Amino acid sequence: MGETSKSLNFIEQIIEEDLRSTHSKSDLRFRFPPEPNGYLHIGHASSICLNFGLGLRYNAPVNLRFDDTNPAKEEKAFVDAIKRDVSWLGYEWDTERYASDYFQQLYDWAVLLIKNGKAYVDSQTSEEMAVQKGTPTEAGSPSPFRERSVEENMQLFQDMKAGKFEEGTHVLRAKINMASPNMLMRDPIMYRILHKAHHRTNTDWCIYPMYDWTHGESDYIEQVSHSLCTLEFLPHRELYDWFLDQVYNPAQLRPKQREFARRNLSHTVVSKRKLLRLVQENVVEGWDDPRMPTISGLRRRGYTPESIRNFADTIGIAKRENLIDVSLLEFHVREHLNKITPRVMGVLDPLKVVITNYPEGKEEWLEAENSPEDESMGTRKIPFGRELYIEKADFKEEANRKFFRLKLGGEVRLKNGYIIKAESCTKDDNGEIIEVQCSYDPKSLSGSGTEESLRKIKGTLHWVSVAHALPAEIRLYDRLFTHESPDGQKDRDFMDFVNPASLEVLTGYVEPSLASAQEEERFQFQRMGYFCVDRQSTPEHLIFNRTVGLRDSWVKIQGKDD
RNA sequence: UGGCCUAUGGUGUAAUUGGCAACACUACUGGUUUUGGUCCAGUCAUUCUAGGUUCGAGUCCUAGUAGGCCAACCA
């Protein structure tokens, strides 16, 4: 809806073409196939949005399938985390599947291959096999075990399954072509012995199928019509098809693998190994640190599922290399947060203001709109008093006319409050300004309708009443890496590009309405950015994470003048 | 130096499949504004190169060039 006029990406064009020729609409089925060996990240989000987006577009089922064929690396905890992240992104899978559900079927098919002379047990070391494999420019040579009899292969394979051998002693290999220009076709391994407990099948199996043998057959079992993966799997397609040929029944739908380019986000890394190093070397606090590109990190940072989906939708899908600037992701959060967040006031770097002609002990509760974007969000009351906090950066003793803020002898509007004028300021022994004395115009209250209240004042500041202010821990985040492509530099370790200033922790003050803010609740601190309540926040110790700042043209103006 | 994939602005995707290079972001101008936000208006391209076919080429042909992927008992 609304996107009907949008042109199709190449995957959609393939599907449309299939719909015109070989497929009916009810044939369509997709899958998202993560390995439960780590946390999902922004790159996965793109694949999730692609597959589930296709499901939505064609009203077709999408399975969540865990590719759990390597018990050495996989855990139930990752399964749970992945399910949580996919759900949080807003998608519903048709059925929850596991490659391990198919271990018996895969085994039976492997036996069939052996009987058909298409697979054999190799009993060499991995080093020996690596040598025989050849190189991209030289053909491989056959294993001495390549011509074992069907009977011998059957016996050995059964003994492998029965646990009679140690790890590394035998593997089952497909008998294809040791001279193929495609290295993957040089008799790929189908099964290896692994005496490890699996998080679902426990010790039922001690031989485990490899990715290539598993993936296409799993797609076939589930009758997935379009199996979409990233471009580095393109050379696997030939093997995917070969394995399918061995078991394919023309009465059934034949899955096709198609490949798209993985999306690369600037100023971050996404490989599990690298993310793990960031965690282990304490560059970040954990997998859900708000600076991490993991889905859980983005969630804790304050990103919304909608913004991530819109981002994925905007960048689209294609086959060429790419490096997407984070500013595009940031645009999408701002766009969404601008619409949905209530405005509040919080002072990050406080400077005290005393309104000398405001009666001592007096307090007023002023009316403030919750959102200029959405009137239905209503209004709230905020306390005003003689002593306020404003932002340190909002006062200078003297400044040029481009400085729309408070300066000695100058006026400024306090948001939702009065117009004040700076009369004097006091400094500490180091010459740092610690207090500003102002006068206010009692008739200038916002919304009062008086002539004074209607005066046009160039600057408007946010503020918090000292008497009512709630202290809060404010965590400001910046990009984790200073280089747009930290892991793409020859001879440089990505850790060399870690931004030492990616986290800044401040103690600020927020308006009292925030006392009851709940975890993951989001706000716009006016003029300061969008903030999200951290999961570590308590009523006694409020913590706000800055998701992203507002667009700020002031920093640019400053940059030019200085 | 074997095979395969890709090439359109600073970024990402389009181009009715041979017919005025479009959309979004960024950056820059200006306007509006009780957020230097939002919103509104505007500016920013010899489609990797060289030839060719054609009335007409980002799209087709030829030859180059550049980048990426492939030799884990990982996925």
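Order of the sequence lines sets the chain letters (A, B, ...), proteins ahead of strands, with each chain counted from 1. What you see below is based on every heavy atom in this structure, not just the backbone, and it leaves out hydrogens, waters and symmetry mates. Being a predicted model, the structure only gives us computed values, none of them experimental.
- Using modelled atom types, one side-chain atom of A:N322 and one backbone atom of A:R262 make a donor-acceptor pair closer than 3.5 Å.
- Here B:U35 is in the anti range [glycosidic angle more than 90° from 0].
- Along RNA chain B, the nucleotide nearest to A:M183 and the one nearest to A:Y211 differ in position, and the one closer to the 5' end is contacted by A:M183.
- For the pair A:S266 and B:U11, the criterion of a side-chain N or O lying under 4.0 Å from OP1 or OP2 is not met.
- For the C1' atoms, the distance linking B:U59 with B:U38 amounts to 40 Å, nearest Å.
- For A:F331 and B:A24, the ring-to-base geometry does not satisfy the stacking test (centroid distance below 5.5 Å, interplanar angle below 30°).
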- Could you provide the dot-bracket string of RNA chain B, using ( ) for intrastrand pairs, [ ] for crossing pairs and | for bases paired to another strand, with Watson-Crick or G-U pairs below 3.5 Å? .((((((..((((.....[..)))).(((((.......)))))....(((((..]....))))))))))).....
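- In terms of phosphate contacts, A:K556 brings a side-chain nitrogen or oxygen within less than 4.0 Å of OP1 or OP2 of B:A27.
- Checking side-chain atoms of A:K407 against main-chain N and O of A:N400 turns up a donor-acceptor pair under 3.5 Å.
- Applying the 4.0 Å criterion to OP1 and OP2 of B:U6, one finds that A:K319 has a side-chain N or O inside that range.
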Using a cut-off of under 3.5 Å, enumerate the N/O to N/O pairs linking the protein to nucleotides 14-19 of chain B.
residue : atom : partner : partner atom : Å
B:A14   : OP1  : A:I317  : O            : 3.4
B:A14   : O3'  : A:S7    : OG           : 3.4
B:A14   : O2'  : A:S7    : OG           : 2.9
B:U17   : O4   : A:Q13   : OE1          : 3.3

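- At B:A75, none of the side-chain N or O atoms of A:K73 fall inside 4.0 Å of OP1 or OP2 (strictly under the cut-off).
- In this model, no side-chain donor or acceptor of A:E321 finds a partner on the base of B:G12 within 3.5 Å.
- A cation-pi arrangement is absent between A:K415 and A:W463, since the terminal nitrogen or guanidinium carbon is not both under 6.0 Å from the aromatic centre and inside a 45° cone about the axis.
- Checked by distance alone, A:R551 brings no side-chain donor or acceptor within 3.5 Å of a matching partner on the base of B:U38.
- Judged by distance alone, with hydrogens and angles left aside, A:H332 brings no side-chain donor or acceptor close enough to the base of B:A24 to form a pair under 3.5 Å.
- Minimum atom distance to the side chain of A:R192 is reached by B:A75, of the listed B:A71, B:U34, B:A75.
- Proximity of the aromatic rings of A:Y530 and A:F523 is defined here by a centroid distance below 6.0 angstrom, and this criterion is not met.
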